[in-house]
Amino acid sequence: MIELVLNVLLVLTSALIVVLILLHRGKGGGLSSMFGGAASSQLSGSSVVEKNLNRLTVFTLLIWAVCVIGLGILLKV
């Protein structure tokens, strides 16, 4: 039962991590600046929003890591 819960939580957090990382603002000359992201990144966004997005991403990554470690321990036994 707990293995199923951890598996479902792992899949959900994996998808959420992908979405959250894609929401982050580009920092340099990557693909975001190629399509006009550099001009719009100066005008939009707030430091509070970026901090909250960073916190949510780290929190989700911690949940994901706990699920991976938990599944590793459960499957080892």
Side-chain angles (χ1 to χ4, degrees):
M1 178 66 182
I2 190 120
E3 185 179 338
L4 178 65
V5 171
L6 286 176
N7 275 325
V8 170
L9 197 58
L10 184 67
V11 169
L12 291 176
T13 55
S14 297
L16 186 59
I17 287 169
V18 170
V19 171
L20 289 173
I21 288 176
L22 288 175
L23 284 175
H24 278 84
R25 185 184 318 170
K27 297 292 182 194
L31 286 176
S32 64
S33 65
M34 183 185 301
F35 297 111
S40 65
S41 68
Q42 293 173 355
L43 300 175
S44 66
S46 160
S47 62
V48 174
V49 173
E50 285 292 322
K51 284 182 183 179
N52 288 335
L53 184 60
N54 288 338
R55 289 177 185 150
L56 184 60
T57 305
V58 170
F59 180 71
T60 308
L61 284 169
L62 288 175
I63 294 173
W64 181 86
V66 167
C67 289
V68 169
I69 292 170
L71 279 172
I73 291 171
L74 282 175
L75 294 177
K76 184 178 178 183
V77 173

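Not measured: the values here are computed from a predicted model.
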Closest non-hydrogen atoms of His24 and Asn54, given as atom of the first, atom of the second and distance, are NE2-OD1, 2.7 Å
Students should find that the hydrophobic cluster of Leu20, defined by side-chain heavy atoms under 4.5 Å apart, otherwise consists of Leu16, Val19, Leu23, Leu53, Leu56
Interatomic distance, CG@Leu62 vs OG1@Thr13, rounded to 0.5 Å, equals 11.0 Å
Co-membership, hydrophobic cluster, residues Leu74 and Leu10, 4.5 Å side-chain: yes
So CG of Leu6 and CE of Met1: to nearest 0.5 Å the spacing works out to 11.0 Å
dist Ile17:CD1 -> Leu12:CG (nearest 0.5 Å) comes out at 11.0 Å
Heavy atoms of Leu9 and Cys67 approach each other most closely as CD2-SG, 3.5 Å
Between the CH2 atom in Trp64 and the OG1 atom in Thr57, the distance rounded to the nearest 0.5 Å is 14.0 Å
Practice prompt. Begin from the C-alpha positions of Val48 and Lys51 and carry the test side-chain contact (heavy atoms from CB on, under 4.5 Å) through to its verdict.
Written response: CA-CA 5 Å; Val48 174; Lys51 284 182 183 179; 5.8 Å; no
A quick test of your reading: do over 12 heavy atoms of other residues, nucleotides or ligands sit less than 6.0 Å from CD1 of Ile2? no
